[in-house]
Amino acid sequence: MKVLSAQDVRRAVPMSTAIDAVRDAFRELAAGNFVLPPRQIFGNGSVLVMSAYHTPTGSAVVKKIGIALDQVPAIRATVIWTGAGDQLVADGSSITTLRTGAVVGVATDLLAPADATRLTLIGTGAQAPDQVRAVLAVRPIADVLVTGRSADRAAALSKTLADEFPEVKFTPGTDIDDAIGDADIVCCATSSTTPLFTADALHDRVHVNAIGAFRPTMRELPRDLFATASTVLVDQQAAALEESGEIIDAVDSGTLQRTDLVELGPALSTPPASTGRTVFKSVGIGPQDWAIAAALARA
């Protein structure tokens, strides 16, 4: 059995590799090649257990996540992968942030304007850096506005990312409406229970990713954004309808129909409309963890 640290995960699977692996996993999901037991949720979402079995290879992944939003880091996780007689135990927190960034990279590559150069990041927590890394891997971003409730944390994250990507301009701030007005792409990575902005604050041509809200009581996106979006993309319809507060609200209010939700796997073969405003909402599913763990096993 191999035990891998967060540093091992990062060395073995760079973001570009993670994006390719997650894209392939969603194609496999669309082809019916995964068995996905229902996610187990304990303690009002404070403990999650996710699993996925890939039938063509006979490999499987199980992830246990502990979530405490009042701690740093808020997510602590362990991933176990088995396949072909091998077993890996890996730091699940790094896999979670990496695979969440990677799926945003896949969705952004599918829907965002090809000439997008301006990115706004909302949120400064553990998930935030990989959102930026993923978007920079698929679009020619020149300017990134980093926004959060704390000016100090926004400045610190901007400095960290600027050191990693010296060719990109990073600007910290706390005014969300001002930051998203000219953005080509917006990434939301917060634990907010109320929408972060109104649709009126957005440009008419913008792609919005939202990965922070993972409980029915949480919402990052406003209802009126869904009413104006040409495409609402989700990682999996059933998971979104069970766990995404903003999707549940939009469907319950009649703003969206269940049939309006486009799943990422099939969309990779039949791309949906990518004009005007587009939205990707992810709550995270097992094949993403499997993708990163399988890439680790190959490495």
Side-chain angles (χ1 to χ4, degrees), residues 36 38-50 63 65-71 73-75 77 96-97 99-101 103-104 107-108 111 120-128 130-131 147-149 176-177 180 185-202 206-229 231-264 277-286 288:
L36 296 179
R39 184 187 326 222
Q40 295 177 288
I41 303 175
F42 305 101
N44 193 31
S46 61
V47 176
L48 309 176
V49 178
M50 305 166 60
K63 182 171 74 172
I65 311 170
I67 301 172
L69 298 178
D70 59 345
Q71 298 179 9
I75 298 174
T96 299
T97 57
R99 60 84 146 157
T100 305
V103 77
V104 161
T108 299
L111 292 179
T120 294
L121 170 69
I122 305 174
T124 58
Q127 295 276 11
D130 278 324
Q131 299 296 296
T147 59
R149 291 176 297 178
I176 292 176
D177 283 355
I180 66 175
I185 300 169
V186 176
C187 287
C188 305
T190 77
S191 57
S192 181
T193 57
T194 58
L196 299 170
F197 51 83
T198 64
D200 289 342
L202 291 165
V206 62
H207 173 66
V208 179
N209 298 301
I211 59 90
F214 56 90
R215 296 172 181 165
T217 55
M218 301 168 74
R219 289 175 63 190
E220 292 185 296
L221 303 182
R223 185 186 298 172
D224 53 348
L225 173 57
F226 296 109
T228 61
T231 294
V232 178
L233 188 70
V234 295
D235 39 19
Q236 187 186 50
Q237 186 183 93
L241 289 169
E242 182 176 348
E243 299 172 26
S244 168
E246 48 262 275
I247 295 294
I248 293 169
D249 173 76
V251 170
D252 286 349
S253 68
T255 305
L256 283 178
Q257 302 299 313
R258 291 172 180 251
T259 53
D260 293 328
L261 301 176
V262 180
E263 291 192 331
L264 178 55
R277 293 173 176 171
T278 56
V279 176
F280 174 57
K281 173 60 196 174
S282 175
V283 293
I285 57 176
Q288 294 168 239

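For the numbers below, each heavy atom of this structure counts, side chains included, while hydrogens, waters and symmetry mates do not. Along the sequence shown, residues are numbered consecutively beginning with 1.
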Rounded distance (nearest 0.5 Å) linking atom [atom1] of [X] with atom [atom2] of [Y]:
{"X": "Thr147", "Y": "Ile180", "atom1": "OG1", "atom2": "CD1", "answer": "8.5 Å"}
{"X": "Arg149", "Y": "Thr124", "atom1": "CZ", "atom2": "OG1", "answer": "8.0 Å"}
{"X": "Met218", "Y": "Ser244", "atom1": "CE", "atom2": "OG", "answer": "10.0 Å"}
{"X": "Thr198", "Y": "Leu225", "atom1": "OG1", "atom2": "CG", "answer": "10.0 Å"}

So which heavy atom on [X] is nearest to which on [Y], and how close?
{"X": "Gly123", "Y": "Ala128", "result": "O-CB, 3.4 Å"}
{"X": "Arg219", "Y": "Asp249", "result": "NH2-OD2, 3.3 Å"}
{"X": "Thr228", "Y": "Ala199", "result": "OG1-CB, 4.4 Å"}
{"X": "Ala250", "Y": "Phe226", "result": "CB-CD1, 3.8 Å"}
{"X": "Met50", "Y": "Ile65", "result": "SD-CD1, 3.9 Å"}
{"X": "Pro216", "Y": "Glu242", "result": "CG-O, 3.5 Å"}

Should [X] and [Y] count as side-chain neighbours, where that means a heavy-atom distance under 4.5 Å?
{"X": "Leu202", "Y": "Phe197", "result": "yes"}
{"X": "Gln40", "Y": "Leu48", "result": "no"}
{"X": "Val279", "Y": "Val234", "result": "no"}
{"X": "Ile211", "Y": "Gln131", "result": "yes"}
{"X": "Ser253", "Y": "Arg223", "result": "yes"}
{"X": "Leu261", "Y": "Leu241", "result": "yes"}
{"X": "His207", "Y": "Asn209", "result": "yes"}
{"X": "Arg277", "Y": "Val208", "result": "no"}

Taking side chain to side chain contact (heavy atoms under 4.5 Å, CB included) as the test, write out the residues that go with Ala210, two or more places apart.
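With sequence neighbours excluded, Ala210 shows a side chain to side chain contact (heavy atoms under 4.5 Å, CB included) to Cys188, Glu220, Leu221, Lys281, given in chain and number order.
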Who pairs with Glu243 by side-chain hydrogen bond (donor to acceptor under 3.5 Å, both in side chains), at least two apart in sequence or on another chain?
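Applying side-chain hydrogen bond (donor to acceptor under 3.5 Å, both in side chains) to Glu243 gives Arg39.
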Listed partners of Ser282 passing side-chain hydrogen bond (donor to acceptor under 3.5 Å, both in side chains), at least two apart
Asp235
Reference residue Gln127; test side chain to side chain contact (heavy atoms under 4.5 Å, CB included); the match among Thr96, Val104, Thr190:
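Answer to the side chain to side chain contact (heavy atoms under 4.5 Å, CB included) test with Gln127 among Thr96, Val104, Thr190: Thr96.
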Only one of Thr255, Asp252, Val232 passes side chain to side chain contact (heavy atoms under 4.5 Å, CB included) with Ile247, and that residue is Val232
Is the closest side-chain donor-acceptor distance between Thr100 and Asp130 under 3.5 Å?
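Short answer, no.
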Gln257 and Thr259: side chain donor to acceptor below 3.5 Å:
no
